[in-house]
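Basis for what follows: all heavy atoms, side chains included, without hydrogens, waters or symmetry-related copies. Positions are given from 1, in the same order as the sequence printed here.
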Amino acid sequence: QVQLVESGGGSVQAGGSLALSCSVSGSIFSIYAMGWARQAPGKQRELVAVLTSSGRTNYVDSVKGRFTISRDNAKNTVYLQMNSLKPEDTAVYYCHADKYVAGYQEYWGQGTQVTVSS
């Protein structure tokens with residue numbers, strides 16, 4: 001089992017910044033990718049940033065140049081730095097972990113609310 005706990009959400013004005021953290025615990029071996037997804041009310045959940053164990057990153061087009069995903073292996077923590085926030089970034093943000101050990105496994109945190117006012 002893998003446990004993910006997000007923190008750092010809040011309310012900011014457009015153009016502001018927030019930094020999200022995801023603490024990872026449990027059976028963390030064989031995790032090959034960490035990432036962040038978001039979901040606004042009435043909309044589908046979308047992946048916004050992914051970081052693989054080899055260091056590759058991917059971002060959804062709408063956040064490229066504004067969001068940065070990173071990790072601190074010593075602290076078992078993944079971060080999402082969000083700059084130049086826009087109202088359309090308002091959503092619940094979820095941390096996720098992907099494993100492949102005798103099959104694909106996916107884990108999700110409970111989410112943290114990010115609200116950006118115009």
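Here the side chains of Thr90 and Gln113 are in contact, with some heavy-atom distance below 4.5 Å. You'll find the side chain of Tyr59 reaches within 4.5 Å of the side chain of Thr57, heavy atoms only. For the pair Glu88/Val116, no side-chain contact is recorded, criterion being any heavy-atom separation below 4.5 Å from C-beta on.
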Carefully, step by step, assess Val60 and Glu46 under the rule side chain to side chain contact (heavy atoms under 4.5 Å, CB included). CA-CA 8 Å; Val60 68; Glu46 66 171 349; 4.2 Å; yes
Given the rule in the side chain to side chain contact (heavy atoms under 4.5 Å, CB included) test, do Val24 and Gln3 qualify, once you have shown the distances and angles that lead to the verdict? CA-CA 6 Å; Val24 186; Gln3 292 81 44; over 6 Å; no
Apply side chain to side chain contact (heavy atoms under 4.5 Å, CB included) to the pair Arg71 and Asn76, showing each step before the final yes or no. CA-CA 8 Å; Arg71 67 183 177 222; Asn76 291 328; over 6 Å; no
Under the salt bridge (Lys or Arg N to Asp or Glu O under 4.0 Å) rule, what do Lys64 and Asp61 come out as? Steps first, then yes or no, please. CA-CA 5 Å; Lys64 287 181 178 177; Asp61 287 344; 3.0 Å; yes
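Of the inter-residue distances, the one linking Ser27 atom OG with Lys99 atom NZ reads 3.5 Å to the nearest 0.5 angstrom. In this structure, OH in Tyr107 is found 8.5 Å from CD1 in Ile31, a value given to the nearest 0.5 Å. Note that NE2 of His96 is 9.5 Å distant from CG of Leu4, once rounded to the nearest 0.5 Å. Between Cys22 atom SG and Tyr79 atom OH the span is 10.5 Å, to the nearest 0.5 Å. Rounding to the nearest 0.5 angstrom, the gap separating the CE atom in Met82 from the CD1 atom in Ile69 is 12.0 Å. Atom OG of Ser17 sits about 9.5 Å away from atom CZ of Phe67, to the nearest 0.5 Å.
For Tyr32, the OH atom sits in a packed shell: over 12 heavy atoms of surrounding residues, nucleotides or ligands are nearer than 6.0 Å.
Tyr104 and Glu106 share a donor-acceptor pair across their side chains, judged by distance under 3.5 Å alone. With hydrogens and angles left out, the side-chain atoms of Thr77 and Asp72 include no donor and acceptor closer than 3.5 Å.
The hydrophobic clustering, which links ILVMFWY residues whose side-chain heavy atoms are closer than 4.5 Å, places Val92 and Leu18 apart. Using a 4.5 Å cut-off between side-chain heavy atoms of Ile, Leu, Val, Met, Phe, Trp and Tyr, with links allowed through other members, Ile28 and Val78 fall into the same hydrophobic cluster.
Closest approach of Ala14 and Pro87 over heavy atoms only: CB-CD, 4.1 Å. Between Leu20 and Gly9 the shortest heavy-atom distance is CD2-N, 3.6 Å. Closest approach of Trp36 to Ser21, counting heavy atoms only: CH2-O, 3.6 Å. Nearest heavy-atom pair, Ala97 versus Met34, reported as atom, atom and distance to 0.1 Å: CB-SD, 3.4 Å.
A donor-acceptor pair under 3.5 Å is absent between the side-chain atoms of Thr112 and the main chain of Tyr93, judged by distance alone. Side-chain N or O atoms of Glu6 include one that pairs as donor or acceptor with a backbone N or O of Cys95 at under 3.5 Å.
Arg38 forms no cation-pi arrangement with Tyr94, by the criterion of a distance under 6.0 Å to the ring centre and an angle within 45° of the ring axis.
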